[in-house]
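So the structure is just underneath, and the comments pick up after that.
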Amino acid sequence: MTIGIGLLGLGTVGAGVAEILLTPQGRHPLVGQLALKRVAVRDLNRPRPVELPAEILCTDPQQVVNDPAVDIVVEVMGGLEPARSLILAAIAAGKPVVTANKAVIARYGEEIAAAAAEQGVYVLIEAAVGGGIPIIEPLKQSLGGNRIQRVSGIINGTTNYILSRMADEGAAYGDVLADAQRLGYAEADPAADVEGGDAADKIAILSGLAYGGAIERSAIPTEGINRLDACDVNYAAQLGYVVKLVATAQCLGSDADGTVQLDVRVSPTLLPKDHPLAGVHGVNNAILVEGDPVGRVMFYGPGAGAGPTASAVVADILNIAGIREATGNGGGLDPLLAANRWRPCRLVDQGQTLNRNYLRLQTGDQAGVIGRIGSCFGDEGVSIRSIVQFEASSERNDAEIVVITHEVQEDNFRRALASITALPDVKAVAACLRTL
Ligand code: NAP
Ligand code: HSE
């Protein structure tokens, strides 16, 4: 039995998927039953890394959805529209969908899930988070018996690639970003990578799977690496830390009505060099899931790029194809849909969260400055783990002071910071980062 595949997009990921479908030898036998029937692109004349018969290419993506030879629609075009409408159109036509589009799923996952449930078709999203790492299916199924306490990880390959090369080679930010784009890691608009939005989309999806309810995507506190100063990466290294863009979703308890209180965020974070996420380099991603009773489980592998992402897309296609072969149709209710609906969740006020902080202050280099900074922290009950003076210059009478706090309530830290900012010795708060 041949299963017709329609591809919406033949860019980095789409071409990777086509390459697998066109070379089934040595792969799972079902791959040989998948036939590429129709492919939508924007520009028919653009050179492609895969050769396809000209007659299956088109520039109208709706033709792919409508083509009766297409049994499974694979959305790898990116962007919010027309991707969302095309996914909904495929579902309305009773066709299962595989998508790598985290931006759409993080914002319209509930709408898409409801439409898919009504039609009884699968919408699978393994490629949306972690590139080639299987993390969606494990969270949906394999870890289903756990109470998940925390999901944290490095889930943007582009920024991890940039940070790794900056730390290892002292490479310039702009040059490494250009390399990440050339290698197919970055989003069409790389602002989504470097400003943290892509990681926020992904942690919203993981949070929904881990805790059973959607959260407001736009309310996730998000900070990227675009404002990170290389000197903080350098100071962090001298203090025994590496800086990574970390996304976290943590359960802090529940309200009286059962609504789960979640701390979900994306921020550049200092990790002690022996932390399991600290050794994740280059385009690799890692997701650390902490659950009861499983303990800590880490998923690691390439987080972006044509091959790894196509691997995840094809796995989803094979899941649907396998069900189709076993049951005679590709229908059924994706456990994702059920998993996303079992309880309400909400984001907590950040002021109530507990954090360790890294702070870099530019100050005058005079007697008593460190003491006065220490008093501001002490007055708010903020305990200091270390305080170090870097780069003192008696000529300019200035110094850089780096403080790392113990775990403190965010409101207390912010009040202490306001008092510190008001000290006449303090010229600027040059950086304020999270620390694990
Ligand atoms: P890409 O290289 O920019 O490819 C997008 C493809 O979609 C191109 O072939 C483009 O056609 C086509 N396209 C876009 N809009 C279209 C429209 N309106 N009509 C017809 N065709 C259209 O993007 P990508 O990197 O493959 O990413 C695709 C999706 O996968 C995104 O949602 C992304 O977030 C996700 N993803 C990417 C990676 C990765 O490592 N790149 C990893 C995981 C998930 P042309 O080629 O003619 O321009
Ligand atoms: N731009 C994304 C990243 C692609 O760099 O992680 C994988 O989702």
Side-chain angles (χ1 to χ4, degrees), residues 6-19 38-50 52 57-65 74-87 98-108 125-133 135-136 153-164 176-177 179-203 205-206 224-225 245 247 266 280 282-287 301-313 316:
L7 268 185
L8 299 171
L10 192 64
T12 301
V13 181
V17 172
E19 170 68 26
R38 204 120 181 91
V39 180
V41 294
R42 256 183 315 224
D43 178 358
L44 289 173
N45 296 318
R46 176 169 293 179
R48 310 279 167 189
V50 283
L52 295 177
L57 291 175
C58 64
T59 53
D60 176 5
Q62 192 63 50
Q63 278 185 21
V64 174
V65 173
V74 178
E75 187 277 303
V76 283
M77 67 198 305
L80 296 180
E81 287 293 354
R84 169 188 153 274
S85 298
L86 290 163
I87 291 171
V98 173
T99 178
N101 196 328
K102 55 267 170 157
V104 163
I105 296 299
R107 288 165 186 77
Y108 304 109
I125 61 166
E126 188 57 71
V129 184
I133 306 171
I135 179 62
I136 300 290
I154 294 168
I155 50 178
N156 182 268
T158 301
T159 48
N160 204 48
Y161 177 79
I162 294 172
L163 288 174
S164 301
V176 198
L177 173 57
D179 282 350
Q181 288 176 286
R182 189 178 43 77
L183 291 164
Y185 302 158
E187 294 303 302
D189 176 2
D193 297 292
V194 298
E195 292 175 10
D198 177 78
D201 289 344
K202 292 167 177 169
I203 197 67
I205 294 170
L206 295 181
I225 64 161
L245 187 66
V266 176
V280 177
V283 73
N284 288 307
N285 283 190
I287 301 116
T309 313
S311 158
V313 169
D316 280 349

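Just follow the structure's listing: the first ligand is 1, and inside any ligand the first atom is 1.
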Would a distance-only check, ignoring hydrogens and angles, find a side-chain to backbone donor-acceptor pair under 3.5 Å from [X] to [Y]?
| X | Y | value |
| --- | --- | --- |
| D316 | I125 | yes |
| R84 | Y108 | no |
| N285 | P302 | no |
| S311 | G307 | no |

Taking only heavy atoms of [X], which atoms of ligand 2 are found under 4.0 Å from at least one of them?
| X | value |
| --- | --- |
| E187 | 1 (N), 2 (C), 4 (C) |
| D193 | 1 (N), 2 (C), 3 (C), 5 (O) |
| N156 | 2 (C), 3 (C), 5 (O), 6 (O) |
| K202 | 2 (C), 3 (C), 6 (O), 7 (C), 8 (O) |

Proximity to ligand 2 by part of D198, non-hydrogen separation under 4.0 Å
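D198 to ligand 2: side-chain contact only, backbone stays beyond 4.0 Å.
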Does ligand 2 have a heavy atom under 4.0 Å from the side chain of T158, from its backbone, from both, or from neither?
both
Gap separating the CG atom of D179 from the OH atom of Y161, nearest 0.5 angstrom
4.5 Å
Of all the non-hydrogen atoms in the protein, which one sits nearest to atom 6 (O) of ligand 2, and at what distance?
G157 N, 2.7 Å
For atom 8 (O) of ligand 2, which protein heavy atom lies nearest, and how many Å away is it?
K102 NZ, 2.5 Å
At the 4.0 Å heavy-atom cut-off, does G303 count as touching ligand 2?
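Yes; G303 lies near enough to ligand 2 that a heavy-atom distance drops under 4.0 Å.
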Please report the closest heavy-atom contact between G184 and T12, naming both atoms and the distance.
O-CG2, 3.6 Å
Just the distances, no angles: every ligand 1 N or O to protein N or O pair closer than 3.5 Å, one line each.
residue	atom	partner	partner atom	Å
ligand 1	2 (O)	T12	N	3.0
ligand 1	2 (O)	T12	OG1	3.4
ligand 1	9 (O)	L10	N	2.9
ligand 1	9 (O)	G11	N	3.0
ligand 1	11 (O)	R42	N	3.1
ligand 1	21 (N)	R42	N	3.3
ligand 1	26 (O)	T12	N	3.2
ligand 1	26 (O)	V13	N	2.8
ligand 1	34 (O)	K102	NZ	3.1
ligand 1	34 (O)	E187	OE1	2.6
ligand 1	34 (O)	E187	OE2	3.4
ligand 1	40 (O)	G184	O	3.3
ligand 1	40 (O)	G305	N	2.6
ligand 1	41 (N)	G184	O	3.0
ligand 1	46 (O)	R46	NH1	3.4
ligand 1	46 (O)	R48	NH1	2.6
ligand 1	46 (O)	R48	NH2	3.3
ligand 1	47 (O)	R42	N	2.9
ligand 1	47 (O)	D43	N	2.7
ligand 1	47 (O)	R48	NH2	2.9
ligand 1	48 (O)	R42	NE	3.4
ligand 1	48 (O)	R42	NH2	3.2
ligand 1	48 (O)	R46	NH1	2.8

